[in-house]
Amino acid sequence: MAAGKGLSYRARRLWSLVILLVGMPLYVVAAVTVLNWLGRPPLVVELAVYVVLGVLWVLPFKFVFRGIGKEDPSAETGSGAGEK
């Protein structure tokens, strides 16, 4: 991997899976626990807090999720190998 290029496509796919399967549930538990410690706010405030927290968790990982839904840009195309 060249310097400054960042994570490879395969590494980003792996990390995005780890973040979604491990990190996000831990974040949800932490957010609910902290909100419960503070007491139950009015429903509108509680909804707003959950919406904001639901968006904020992904911001640090934006670079990991970018382009994951697309095909691997470094994969060779047209060779017929691996195609279904």
Side-chain angles (χ1 to χ4, degrees):
M1 178 167 30
K5 190 170 183 174
L7 292 173
S8 69
Y9 178 78
R10 183 178 171 143
R12 286 187 298 125
R13 283 188 63 152
L14 178 66
W15 277 112
S16 65
L17 189 63
V18 169
I19 290 167
L20 288 174
L21 293 178
V22 177
M24 191 172 81
L26 289 175
Y27 182 78
V28 168
V29 169
V32 170
T33 302
V34 169
L35 222 58
N36 283 336
W37 283 344
L38 299 175
R40 180 116 193 213
L43 186 61
V44 175
V45 173
E46 187 175 6
L47 177 65
V49 168
Y50 282 128
V51 167
V52 168
L53 289 175
V55 172
L56 286 180
W57 78 269
V58 79
L59 292 179
F61 305 113
K62 198 162 94 171
F63 74 96
V64 174
F65 292 110
R66 184 161 301 172
I68 292 300
K70 298 179 183 174
E71 196 169 322
D72 186 356
S74 63
E76 294 181 26
T77 58
S79 66
E83 292 181 8
K84 293 182 181 177

For residues 13-20, dump all side-chain donor-acceptor pairs below 3.5 Å to protein atoms at least two apart in sequence or in another chain.
residue, atom, partner, partner atom, Å
S16, OG, R12, O, 3.2
S16, OG, R13, O, 2.8

- Connected via hydrophobic side-chain network under 4.5 Å: L59 and M24: yes

Which pairs, with at least one residue in [range] and sequence neighbours excluded, count as a salt bridge (Lys or Arg N to Asp or Glu O under 4.0 Å)?
range: residues 16-28; answer: none
range: residues 22-45; answer: R40-E46
range: residues 22-31; answer: none

- Query: Of V52, L47, L53, which is the lone residue that meets side-chain contact (heavy atoms from CB on, under 4.5 Å) with V49?
  - Reply: L53

Can you give the donor-acceptor pairs under 3.5 Å from side chains of residues 29-39 to other protein atoms, not counting sequence neighbours?
residue, atom, partner, partner atom, Å
T33, OG1, V29, O, 2.7
N36, ND2, V32, O, 3.3

- Task: For V58, enumerate each residue passing the side chain to side chain contact (heavy atoms under 4.5 Å, CB included) test, keeping only those at least two apart in sequence or located in another chain.
- Result: F65

- Item | Taking every non-hydrogen atom, the tightest pair across L7 and F63 |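 Where L7 meets F63 most closely, the heavy atoms are CD1-CE1, 4.0 Å.
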
